[in-house]
Amino acid sequence: LSRVYSVSGTTITGGSIATIDTAASFTQYNASIIPMELLSADRVIALYYSAASNRMCASVLNLSGTTITVGTKQVNSSFGLGENAGRCAIKNISTNKVAIIYHASNSSSATVLVATVSGDIVTWGTSYGSISTIAIAQSNTAQIGLEKLSTNDKFIVFYATAATNITTLF
């Protein structure tokens with residue numbers, strides 16, 4: 001579910017609730033965070049796990065005031081997320097591109113990919129494969145993230161596990 005809130009002083013008012021995906025499923029393992037990223041002043045992209053497909057999905061949310069219209073769910077058919085769905089991050093890196101890093105299910109590695117967003121359609125790019133040097137532990141202690149650099153189409157990824165220090169990769 002998704003909702004836009006308005007703030008006036010210290011008063012919060014909620015808009016109408018929008019259902020992003022009726023088949024989405026969350027467990028104690030993957031319910032921690034649903035990464036969202038602003039695409040423009042009135043569009044947001046959300047990443048989440050869908051039990052119906054056992055895959056990472058994305059939906060574009062179109063905003064008008066406090067009303068949300070949800071675009072068509074786009075399923076990443078290449079990689080499942082399973083219990084690790086909460087370990088993903090997204091960042092808008094240029095006008096119509098987002099970078100994504102995620103921990104694929106049953107894997108000790110992370111995967112990086114770029115997706116193109118056109119209107120409500122998310123087109124998944126070719127992944128950078130499993131970044132074996134990342135070696136993310138399959139435990140709830142692993143952390144991953146990414147940030148856009150000042151130049152379009154460049155970003156940095158970072159990770160930490162219970163057994164390592166925080167490390168960065170370009």
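Using a 4.5 Å heavy-atom cutoff, the side chains of N62 and D42 are not in contact. Counting only heavy atoms from C-beta outward, the side chains of F155 and V112 approach each other to under 4.5 Å. Residues L63 and V4 have side chains in contact (heavy-atom distance under 4.5 Å, counting atoms from C-beta outward). Put simply, the side chain of V114 does not reach to within 4.5 Å of the side chain of I100, judged on heavy atoms. Residues V60 and L39 have side chains in contact (heavy-atom distance under 4.5 Å, counting atoms from C-beta outward). Between E147 and K91, some side-chain heavy-atom pair lies under the 4.5 Å cut-off.
In this structure, L61 is not a member of the same hydrophobic cluster as I121, with clusters built from ILVMFWY side-chain heavy atoms closer than 4.5 Å.
Atoms CD1 and OG, on I17 and S2 in that order, are 9.5 Å from each other to the nearest 0.5 Å.
For the residue pair Y48 and S59, a side-chain donor N or O sits within less than 3.5 Å of a side-chain acceptor on the partner. A donor-acceptor contact under 3.5 angstrom links the side chains of S94 and D153, judged on distance only.
Formation of a donor-acceptor pair under 3.5 Å by the R43 side chain with backbone atoms of D120 is not found in this model. Without hydrogens or angle criteria, W124 side chain to V75 main chain gives a donor-acceptor distance under 3.5 Å. Between the side chain of E37 and the main chain of P35, no donor-acceptor pair closer than 3.5 Å is present. The main-chain N or O of G14 is never found under 3.5 Å from a side-chain atom of R3 such that the two would form a donor-acceptor pair.
Across G125 and L113, no two heavy atoms sit closer than the pair O-CB, 4.3 Å. The two residues K97 and N92 come nearest to each other via the heavy atoms O-OD1, 3.1 Å. Between A89 and L47, the closest heavy-atom pair is O-CD1, 4.3 Å.
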Practice task
Run the numbers on I45 and I90 for side chain to side chain contact (heavy atoms under 4.5 Å, CB included), then give the verdict.
Solution key: CA-CA 9 Å; I45 185 171; I90 183 169; 3.5 Å; yes
